[in-house]
Structure formats: C-alpha cells, structure tokens
Protein chains: 2
Amino acid sequence: MTHPELSSRPRRADARRNYDKLLVAARAAVDTRGRDIILDDIARQAGVAIGTLYNHFPTRQDLFQALFLNEAEELRLRAEELADSPAPLDALITWLRLQLDYGARGRSMGAAVMNMRHADGSPVQRTHAAMHEAGTVLLRRAQATGEVRADVELHRVLRLILGILLANEDAPDPDGAQPMFDIVIAGIRTRDPSQDPPA
Amino acid sequence: MTHPELSSRPRRADARRNYDKLLVAARAAVDTRGRDIILDDIARQAGVAIGTLYNHFPTRQDLFQALFLNEAEELRLRAEELADSPAPLDALITWLRLQLDYGARGRSMGAAVMNMRHADGSPVQRTHAAMHEAGTVLLRRAQATGEVRADVELHRVLRLILGILLANEDAPDPDGAQPMFDIVIAGIRTRDPSQDPPA
DNA sequence: ACCTGAACACCGTTCAAGT
DNA sequence: ACCTGAACACCGTTCAAGT
C-alpha cells in the first residue's frame, strides 16, 4: 500500500499502525472536505491523540504528500503501460484523462501537491519527477507523429488539468470538466490536419 | 466608484463611509492574502469594530461580491468597446487576456466569485450576466468568421482562464500563465486553417 | 439605523509528562 | 522512539448594550 523506500513510515510496529490509520482517516477526510480537512477530526477518526498526528506529520504538507505519493506512482505506472501503444495520440489523451480522474477523486489535492515546488531529492520530488518522465515519453511519441505541437511542454498541460479541477470545485455546473478537457486537448494538437497520419 | 443601483451601499452618511473604508481595506487584504483574508484585520485597518463589518457584509461571500462587482462591470465595458473591432478573433483574444490580467490582480478571487452560482436577480448575478452577454458578442463574431469553433461556449473558456489563475497561485513557476493561455486559445480555434480569412 | 466590543466557539499547534 | 492531552493562540461569529 505505502512505499517503504519513499515514505517516512516508522519502524516500530505500534507507530506504523498509527501512521497507517492516520493516512486512512486523512484520505477519507480529503475525499469529503478537500483541502479544508480538520486535523482534530482525523486524529479522532484514527483513534490517536492529536500530538501523534503532529508527530508523524509535522506540517499539513507532509500529510498531503504522504497521501498522494501512491497516486503519483500509479500514474507513472499507467504511463509506462501506455508507452508502447500503437496509437501515441490516443495513449497520451488516455493518460491525461487519468490525471483528471485521479484528481477528481482526491478533490484535486493530489494534482495540487504535485504542482508545488519540492526540495531536491525529497520523496515527493523524486516521485513527481518519475511520473513526469514517464508522461514525457507519451508526449514525445505523440509529437513524433506530428499530431501534437512540438512546443508543448508536459508540465503546462498537467497544470491546465489541475486548473480544470480547481475551477470546477465550486462551479454551478459540476460536469463541466470534460468539455474543458477537450479544449485543452484541441489546444495541444497541430492545427494543420494534413500533419495527422491517415485514419 | 461603487454602483449605487447594484450594491447595497447604506444611505446614512457615517454608515456609507464605514462601508467604503471596509471595501478599501478588504481589497488591499485580498490583493496580498487572496482568499485567506482575516476579517479582524480588515475591520481594524478600516478603523471600525468587527461587528460593523458583519453588519455590512453578513457573510464572506457578500464581501467578495461587493469587491468584484466593479471589476465585472469594467470587463463588460471593455467587451462592448471591442465589439466593433475589424478583427473579431483579435478582439476576443484581447478580451480573454484582460480576464486573465484582472484575475491576477485580485488573486483570482474576482473570477472565482463570478464562477459561482448566484441567486436570480441578485446584483452579482445580473452583473455577471451582463458581462457574459457582452463577451458572447465577441465570441459569436469570431465564430462567424470561421476562426473559432462553433461549439465553443464562453463560460467554459472563462472557467479555463479561472483554472489557469488558480493553478498558478502556488506554482513553482509564476510566469506560467501565458503559455497555458496560448494553449486554450489554440484549443478554441478551428483546426483547419483553410477556414481562416486571408492574412 | 447603525456601531461597539465582549463573549463564546472552533480549530491549529506546542510541549511537558508519560510509556 | 513514540504517545498523550492539557494549554495556549488565533480567528470566526453572535449579540446585548449603546448612540
């Protein structure tokens, strides 16, 4: 479930149990309340004292980071699976769609965390970099066919997807993400259809 | 400065002074702290008691709405000025760029407020509707030339621009808005350049 | 018709004492 | 090496008393 080499999961058995219970409770809290989680509630839900929460996660960021490491790892894996698809453009779009879906589950907190600056060599930074590299492969392949513009940079597209998630959170129309996603996809494709391969 | 017919600006002179001082202080607070304004600070900065702030603005939303009515009015005016431009696509892009610039000034709170659902007939709702209609004229004109896709809806484009603003707030690269904006513009244009008018 | 500020509630964060 | 929870700080919100 968690990644021993990346997270700072404690060694002592009871501490590890508390750590895991906190993550489960925090994940549930984020799914319902987004960024406005109440730390006291999470600790109570996990059955530990508030000090224990602070012990494992000194800052709010530490908690969020631990929560979404797995998500980023999963997205890296999905990118690697898609990397030998015979249809590079479809593979890229599929993966970007996954970014949108994952983000919607965690109330966009995962994408938001990955969008921030992180200390070099830190678990988040390395996990993010790995996901980013795997996604870049998909992008380069789609660019090689001439279907996606050569000047497109992955981090801008991912940030646009984060923007779609954020802008739809308090929106009157909660199903607005898909058409916005379609505009972004259209925006990274080459304008001249003659560059597309034969259908 | 404020719109008598739209805002609920008080009639009594002293109350009106307090109301205005609160708006000035609130605007400064939003510019620096974004959505995380501290109501106590605003009241102190305005030189009134906290109860007076609540008196004029029962909820946080009321305060934000009062703050950004003028901004939406200005954007409506700009759209009307651009409506008889000889270059419809440029006019639309110019106006969308203004949306981005205005949003960046108020830490995206203005765009966020306008993106929410409002009670029919309320000042915000009417101001937003007026801005939206004026912008729709620009969009329709650009669609009539065949440069912008016919299925594009203005509120989705505006929400994408809000997304750009939100996603760049905690971003490592604060100048990332422009290239993201360019992708969105490319995404609403027709793919086949033959539909564009001669350059 | 509006202003004031004390009072209360809620949540975040620390830290001395414990195992 | 970790857990506990009381203690404190901070901020939001209400409301009785005032002008």
Side-chain angles (χ1 to χ4, degrees), chain A residues 2 4-5 7-67 107 109 112-113 116 123 170, chain B residues 2 4 7-67 107 109 112-113 116 170:
Chain A
T2 37
E5 77 281 12
S7 62
S8 48
R9 200 150 164 267
R11 295 165 226 75
R12 232 172 69 179
D14 58 337
R16 210 160 50 217
R17 269 195 307 273
N18 287 338
Y19 182 93
D20 290 342
K21 281 191 291 182
L22 281 167
L23 277 189
V24 170
R27 180 65 209 216
V30 165
D31 284 343
T32 55
R33 313 215 4 140
R35 77 172 94 259
D36 301 332
I37 51 171
I38 298 170
L39 299 184
D40 223 359
D41 288 352
I42 292 175
R44 195 178 311 113
Q45 188 69 26
V48 303
I50 182 63
T52 301
L53 191 154
Y54 276 90
N55 194 26
H56 288 298
F57 309 103
T59 74
R60 201 168 273 252
Q61 272 308 310
D62 293 320
L63 179 56
F64 284 135
Q65 288 177 11
L67 271 182
R107 301 295 237 82
M109 283 306 303
V113 166
M116 296 169 183
D170 311 298
Chain B
T2 36
S7 63
S8 48
R9 201 150 163 268
R11 295 165 227 72
R12 233 174 66 178
D14 58 337
R16 211 161 49 218
R17 271 195 305 274
N18 286 338
Y19 182 93
D20 290 342
K21 281 191 291 181
L22 280 166
L23 279 190
V24 169
R27 179 65 209 219
V30 166
D31 284 343
T32 55
R33 313 213 7 136
R35 78 173 93 259
D36 301 331
I37 51 171
I38 298 169
L39 299 185
D40 224 0
D41 288 352
I42 293 176
R44 196 177 309 115
Q45 188 69 28
V48 303
I50 182 65
T52 301
L53 191 154
Y54 276 90
N55 194 24
H56 287 298
F57 309 103
T59 75
R60 200 168 274 254
Q61 271 308 309
D62 293 319
L63 179 57
F64 284 135
Q65 288 177 11
L67 270 183
R107 303 292 237 84
M109 283 307 302
V113 167
M116 295 169 183
D170 311 298

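Here is how names work: the chains are called A, B, and so on, in the same order as the sequence lines, proteins then strands, and each is numbered from 1.
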Nearest whole Å is fine: how far is [N] [atom2] from [X] [atom1]?
X: Lys21(B); N: dT4(C); atom1: NZ; atom2: C1'; result: 14 Å
X: Leu22(B); N: dC2(C); atom1: CG; atom2: C1'; result: 13 Å
X: Asn55(B); N: dC3(C); atom1: CG; atom2: C1'; result: 7 Å
X: Asp14(A); N: dT4(D); atom1: CG; atom2: C1'; result: 13 Å
X: Phe57(B); N: dC3(C); atom1: CZ; atom2: P; result: 11 Å
X: Arg17(B); N: dC3(C); atom1: CZ; atom2: C1'; result: 13 Å
X: Arg16(A); N: dA1(D); atom1: CZ; atom2: P; result: 15 Å

What residues, two or more places apart in sequence or in another chain, satisfy side-chain contact (heavy atoms from CB on, under 4.5 Å) together with [X]?
X: Ala26(A); answer: Ile42(A), Leu63(A), Leu67(A)
X: Thr59(A); answer: Gln61(A), Asp62(A)
X: Ala15(B); answer: Pro10(B), Arg12(B), His56(B)

Quiz prompt | Atom of Arg35(B), atom of Met109(B) and distance for their closest heavy-atom approach | solution =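 Taking every non-hydrogen atom into account, CB-SD, 3.6 Å.
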Practice problem: Return each pair, listed once, that meets side-chain hydrogen bond (donor to acceptor under 3.5 Å, both in side chains) where at least one residue sits in residues 43-53 of chain B; pairs must be two or more places apart or across chains. | Solution: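 Pairs touching residues 43-53 of chain B that pass the test: Asp41(B)-Arg44(B).
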Quiz item: If you check the Pro10(A) side chain, which of dG5(D), dC2(D), dC3(C) turns out closest?
Solution: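 In terms of side-chain proximity for Pro10(A), the closest of dG5(D), dC2(D), dC3(C) is dC2(D).
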Self-check item: Options dC2(D), dC3(C), dG5(D), nucleotide nearest the side-chain atoms of Ala15(A)
Solution: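 Of the options given, the side chain of Ala15(A) lies nearest dC2(D).
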Exercise. Treating a pair as Watson-Crick (purine N1 to pyrimidine N3 plus N6-O4 or O6-N4) or G-U wobble (N1-O2 and O6-N3) with both distances under 3.5 Å, list the stems of 3 or more consecutive pairs that involve DNA chain C.
Key: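 Listed by first number, the stems are C:4-8 with D:12-16, C:12-16 with D:4-8.
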Practice problem: Using the ring pair (Phe, Tyr, Trp, His ring centres under 6.0 Å) rule, collect all pairs that involve residues 22-45 of chain A, keeping only residues at least two apart or in two chains. | Solution: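 Every pair satisfying ring pair (Phe, Tyr, Trp, His ring centres under 6.0 Å) with a residue in residues 22-45 of chain A: there are none.
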Quiz item: What is the per-nucleotide protein-contact pattern of nucleotides 8-19 of chain C, from the 5' end, where B denotes a base atom under 4.0 Å from a protein heavy atom, S denotes such proximity for sugar-phosphate atoms only, and - denotes neither?
Solution: ---SSBB-----
Practice problem: Not counting sequence neighbours, which residues clear side-chain hydrogen bond (donor to acceptor under 3.5 Å, both in side chains) with Asp31(B)? List them please. | Solution: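 Here the qualifying residues are Arg27(B).
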Quiz item: What residues, two or more places apart in sequence or in another chain, satisfy salt bridge (Lys or Arg N to Asp or Glu O under 4.0 Å) together with Arg107(B)?
Solution: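 Not a single residue meets the salt bridge (Lys or Arg N to Asp or Glu O under 4.0 Å) criterion with Arg107(B).
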Quiz item: Can you tell me if the side-chain N/O atoms of Asn18(A) get under 4.0 Å from OP1 or OP2 in dC3(D)?
Solution: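 Answer yes for this pair, as a side-chain N or O of Asn18(A) is under 4.0 Å from OP1 or OP2.
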Quiz item: Knowing that exactly one of Asp40(B), Asn18(B), Leu22(B) qualifies, which makes a side chain to side chain contact (heavy atoms under 4.5 Å, CB included) with Leu53(B)?
Solution: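 Running side chain to side chain contact (heavy atoms under 4.5 Å, CB included) over Asp40(B), Asn18(B), Leu22(B) with Leu53(B) returns exactly one hit, Leu22(B).
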